[in-house]
Amino acid sequence: MRNLPPGQKKSETFPRFGLPQYAKRFPTELDQIKITIGGDIDEFVISTQLESLPRTQQNSDFHCVTTWSKLNLDWSGYAFNDLYNTLIRPKLSDDIVFVVLKAQDGFKTSLPLVDLLQQNVLLADQLDGAPLTIEHGAPIRIVAPDHYGYKNVKYINRIEFYSEVQSIKKGLASFMDHPRARVAHEERACKGPKSFFRWLYKFGIKGTIKDFEKATAEYRAKK
Ligand SMILES: Nc1nc2c(c(=O)[nH]1)N[C@H]1C(S)=C(S)[C@@H](COP(=O)(O)O)O[C@H]1N2
Ligand SMILES: [Mo]
């Protein structure tokens, strides 16, 4: 058994989760994987080329910044490292340091390239032996267990590679989106005492889970 990181509590369930404004937003392209590659590179789309990469399985824990953790998840997909070295690097002319990750629901975040090249970062299309559902990021998502949930982009459809750091969020949003968000270092937000964010975020958990559950039930009923 792995230990719980600082300030985290074990959750029995793995809820669909995120910032409340994303509860009612869903992916529109579910049947096929399409990820547009952009940034300091001539734009192109990756779809079935992913299947040329070796499939990898990984058991890891998932840590939301609001302090809940779901332990022991079995993911399957493609190592980001393999994607980068096989399909991206040959097309680059600049040295890349910074990566922006964008999703079908409008969510976006960024990570330094070095963090994404760690062996445990996946583009996962399966969870616990089954294709991803809309709850957990269908058709494909980032799994980066060393980073808080908000770096684990669901419904990913665009990846931008840059030779310089970009500022992609403004105001409060940039403050909440720590550039690395490493769980072991408790990088919950850019500034302020860790204990404050542990305390603050706790109040939102139950209501957020309910909002996401309700929106997901409504979405399924319409389908
Ligand atoms: N596209 C997208 N990805 C996202 C989010 C989101 O709202 N939209 N929320 C993030 C947050 S805050 C968390 S904790 C995890 C939750 O993953 P889950 O819904 O599979 O539990 O997704 C992350 N990735
Ligand atoms: Mo989260």
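Read the numbers this way: they start at 1 and go in the same order the structure lists the ligands and their atoms.
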Side-chain donor-acceptor pair under 3.5 Å between T109 and D177, yes or no?
yes
Less than 3.5 Å apart, N/O on ligand 1 and N/O on the protein: could you list those pairs with the distances?
unit_1   : atom_1 : unit_2 : atom_2 : d
ligand 1 : 1 (N)  : D105   : OD1    : 2.9
ligand 1 : 1 (N)  : D105   : OD2    : 3.1
ligand 1 : 1 (N)  : K154   : O      : 3.0
ligand 1 : 3 (N)  : K154   : N      : 3.0
ligand 1 : 8 (N)  : D105   : OD2    : 2.7
ligand 1 : 17 (O) : R141   : NH2    : 3.2
ligand 1 : 19 (O) : F17    : N      : 2.9
ligand 1 : 19 (O) : E135   : O      : 3.3
ligand 1 : 19 (O) : K154   : NZ     : 2.6
ligand 1 : 20 (O) : H136   : ND1    : 2.7
ligand 1 : 20 (O) : R141   : NH1    : 2.7
ligand 1 : 21 (O) : P15    : O      : 2.6
ligand 1 : 24 (N) : N152   : O      : 3.1

Quick one: is the NZ or CZ of R141 closer than 6.0 Å to the six-membered ring centre of Y155, and within 45° of its axis?
no
Within 45 degrees of the ring normal and closer than 6.0 Å to the centroid, is that where the cationic atom of K169 sits relative to F107?
yes
Donor-acceptor pair, side chain of H63 and main chain of D146, under 3.5 angstrom:
no
By salt bridge (charged side-chain N to carboxylate O under 4.0 Å, His left out) - contacts of D105 (at least two apart)
none
Within the side chain of R188, is there an N or O that forms a donor-acceptor pair under 3.5 Å with the backbone of V65?
yes
